[in-house]
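Chain naming here is simple, since letters A, B, ... match the order of the sequence lines and numbering starts at 1 in each. Remember, predicted model here, so these are calculated numbers, not experimental data.
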Protein chains: 2
Amino acid sequence: MTTIKTSPARPTIADVAEKAGVSIATVSRVLNATAMVDEETALRVRLAVEALDYRPHAAARTLASRKTDTLGLLLPEISGAFFQPLLRGVETAASEAGYDLLVHTTRNPNTRGMPRRPLAEHNTDGLLVFTDSLDARELSRLSNTGFPAVLLYQTPPSGIDLPVVTIENKNGARRIVDHLIEVHGCRRILFLRGPQGHEDSGWREQGYCESLQAHNIPLDSSLITGGGFNRHEARQALAQLLDKGLAFDAVFAGADDAAVGVLLALRQAGRRVPDEIALVGFDDQEFASTMLPLLTTVRAPTEQVGLEAVRVLVRLIRKQPVQPRWVLPTELIIRESCGCHSH
Amino acid sequence: MTTIKTSPARPTIADVAEKAGVSIATVSRVLNATAMVDEETALRVRLAVEALDYRPHAAARTLASRKTDTLGLLLPEISGAFFQPLLRGVETAASEAGYDLLVHTTRNPNTRGMPRRPLAEHNTDGLLVFTDSLDARELSRLSNTGFPAVLLYQTPPSGIDLPVVTIENKNGARRIVDHLIEVHGCRRILFLRGPQGHEDSGWREQGYCESLQAHNIPLDSSLITGGGFNRHEARQALAQLLDKGLAFDAVFAGADDAAVGVLLALRQAGRRVPDEIALVGFDDQEFASTMLPLLTTVRAPTEQVGLEAVRVLVRLIRKQPVQPRWVLPTELIIRESCGCHSH
DNA sequence: ATGGGTCATGTAAGCGCTTACATGAGTGTA
DNA sequence: TACACTCATGTAAGCGCTTACATGACCCAT
């Protein structure tokens, strides 16, 4: 058993002041460089800080200065391959700007029925809100109180004035479907769209439709199916369609992870990719470039979204003007799973 | 341009008290349920809270009550497939216990030369410290001040008394090498160990050595090579060895991610897995069960580590006794890459 | 009636900082 | 020599809460 110790009282700014023979105001000044302090005095203070191993108390500082130096990140869930690059971007930019990161998961079971603690407001200087982690009511409250917040991958409901950082979904989808049709002559392209009501998902569907239309291929609604963005749901969904005997010559999965599910289902059914069926995804997650066959997909600048969102948020916090909408470009990545040969 | 608004002053507990016609103490009492309050009074307070959309100020609360209700997580980096399940576990358990999560990345470039803000102490009620994110000096300070902290995957330097949550590395490694030797008759097994000085890595190496010894296979040090845990380094390292013409019939990669790098290098060199060369990993990351060939590996209960670590930390915070060391069991997962046929 | 409870609530003292304002010493100019 | 500055530092008032303690009101068994 680890021994339980009573922690010796932590030194406060007053202890430092006393040891250095100055007032607490002076200590605060040298710590924050907020005013001129005689070099010699400053040295004495720094020595005292060192000697006592003093660390300012964050909450006290926050209370007095009304800033927390931390950013809140609201996510449905923290794991999932998709969030990796996003987190990396957010974390990098936050750290560069001198902020800590407070992560809040919303899809988690609430603490024994108690409503989750009132948001990260008051705890943070600003909020990054991922799609669907906050309802319209909360969003509108944020907007109304002028609390700095930026939305990720989600256009705010009308009347709510919060900046958005998202990606070019429709065009990306459009181009990859074009590729399937023009280069590989596909005509019956199964589209696995993501979760119902998901904004990205909707745009990708539009891109799909537009491409078909542009190539005079009639829309066949039996070729559009739901199934979420993850591999398990996708796998199941596809297995079902396969069972029903649905005919198609290509699959456009709304997310790379779903594409893996499709691949698994296809493989199990003995259908070869890309020889019999072309397969493409969306996102260009890391595994897309190492799986077999290498996945043709649309690269979504996910890390960039995180980076940019933090920058916008920081501008907002500093009360600098910001653009209301950032749409980062996507890029078509041709590899093998569509039937092309990678170099 | 988004309009910049000056936020209306947030309501404080005093506003609520006034509106409800009671003292702030009473408001605090109904909010925290720390004392009996007349049901009717409580109702008035709740109504006032609702009407003003009041949210307690976290920092003020912290300052007064000396608790933050947040847990700090210190990591070298936040992305990387390995951290996903870990984060999930931590986040789940933290949320269940009613804590927020403050994430601190240590491998990041420090804010323009300024030493990173003094740890997450004072900002959190306790700290989760991942391998190598804190030096011995800081660890010993934590231990000395009695600040609640638990180490992940890292035995503390002697004299430092902090609980550890880690996994059974040596045994896992031992068993998978045994499998290679006993079932597939491998004799020259290349071992890609992880980063130098990494604790897990060391244990896995021991397991490898023990297995060879138990089977009377002499240790050939040219078969042990460094290279880190990630796919890029592993790929390079292997490509080099292949160039040098090193002969081996199996590769034990110290991490699944490294195994992918090995696979890529092998594939590029035209060596087939598992027909010519058996390949196994360690971790059982998600992609291990969907890559081709399916990866034989050792399952590390990573999410469980996160879960358990939070539980231990919470006990520490509550000043309940805790075991000093938790070693979670690993499990051999036989799939295809070793040469077995998955069902 | 009366003293000792229990209950419900109010009063006020911090928690450890930041910062507006006051003070006083030194410097330069008329 | 006196006046107006600048510089360095101290004083003290909060920031928005929690909580020990004080205060009444009310009830019951003497």
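When each of B/I24 and B/A64 is assigned the nucleotide of DNA chain C with its nearest heavy atom, B/I24 is the one assigned upstream, toward the 5' end.
Straight-line distance from the CZ atom of B/R61 to the P atom of D/dC17: 8 Å, rounded to whole Å. Rounded to whole Å, the distance from CG on B/L52 to C1' on D/dG16 is 15 Å. Separating the NZ atom of A/K67 from the C1' atom of C/dT19 is a distance of 14 Å, rounded to the nearest angstrom. Between the P atom of D/dT18 and the CG atom of A/L63 lies a distance of 12 Å, rounded to the nearest Å. The distance between atom CD1 of B/I13 and atom C1' of C/dG10, rounded to the nearest whole Å, is 13 Å. One atom, CD of B/E18, and another, P of D/dG16, lie 15 Å apart when rounded to the nearest Å. Across the protein-nucleic acid pair, A/N123 atom CG and D/dC17 atom P stand 13 Å apart, rounded to whole Å.
Rounded to the nearest 0.5 angstrom, A/H57 NE2 and A/L63 CG are separated by 10.5 Å. Between the CG atom of B/L142 and the CG atom of B/D161 there is a distance of 12.0 Å, given to the nearest 0.5 Å. Interatomic distance, CG of B/L313 versus CG of B/L127, reported as 8.0 Å (0.5 Å rounding). In this structure, OG in A/S133 is found 11.0 Å from CD in A/E77, a value given to the nearest 0.5 Å.
When the side-chain nitrogen and oxygen atoms of A/S23 are compared with OP1 and OP2 of D/dT11, none of them lie within a distance under 4.0 Å. Between C/dT9 and B/T26, no contact under 4.0 Å exists linking OP1 or OP2 to a side-chain N or O. A/R66 has no side-chain polar atom (N or O) that falls below the 4.0 Å cut-off from OP1 or OP2 of D/dC15.
We find that B/E39 and B/R46 are joined by a salt bridge, their nearest charged nitrogen and carboxylate oxygen being less than 4.0 Å apart.
Between A/R325 and A/T155, the side chains place a donor N or O and an acceptor N or O closer than 3.5 Å (distance only, hydrogens not considered). Using a 3.5 Å distance cut-off with no hydrogens or angles, the side chains of A/T105 and B/E91 do pair a donor with an acceptor. A side-chain donor from one of A/R61 and A/N32 sits under 3.5 Å from a side-chain acceptor of the other.
Applying the 6.0 Å contact sphere to CD of B/E199 captures more than 12 heavy atoms from other residues, nucleotides or ligands.
Where the helix from C/dA1-D/dT30 to C/dA30-D/dT1 starts and where it ends, the local axes point in directions that differ by 50°; five pairs per end, rounded to 10°.
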Dump the intermediate steps for side chain to side chain contact (heavy atoms under 4.5 Å, CB included) on B/L71 and B/L102, then the final yes or no.
-> CA-CA 6 Å; B/L71 261 30; B/L102 193 57; over 6 Å; no

Would A/T68 and A/D125 satisfy side-chain hydrogen bond (donor to acceptor under 3.5 Å, both in side chains), going step by step from the backbone distance to the final call?
-> CA-CA 6 Å; A/T68 62; A/D125 293 346; 2.7 Å; yes

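In the set C/dT11, D/dC17, D/dT18, the nucleotide with an atom closest to the side chain of B/S28 is D/dT18.
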Protein-nucleotides 21-26 of chain C N/O pairs under 3.5 Å:
none

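For A/F83 and B/F83, the ring centers are positioned 6.0 Å apart or more.
For DNA chain D, the neighbouring residues in residues 31-50 of chain B, judged by any heavy atom under 4.0 Å, are B/N32.
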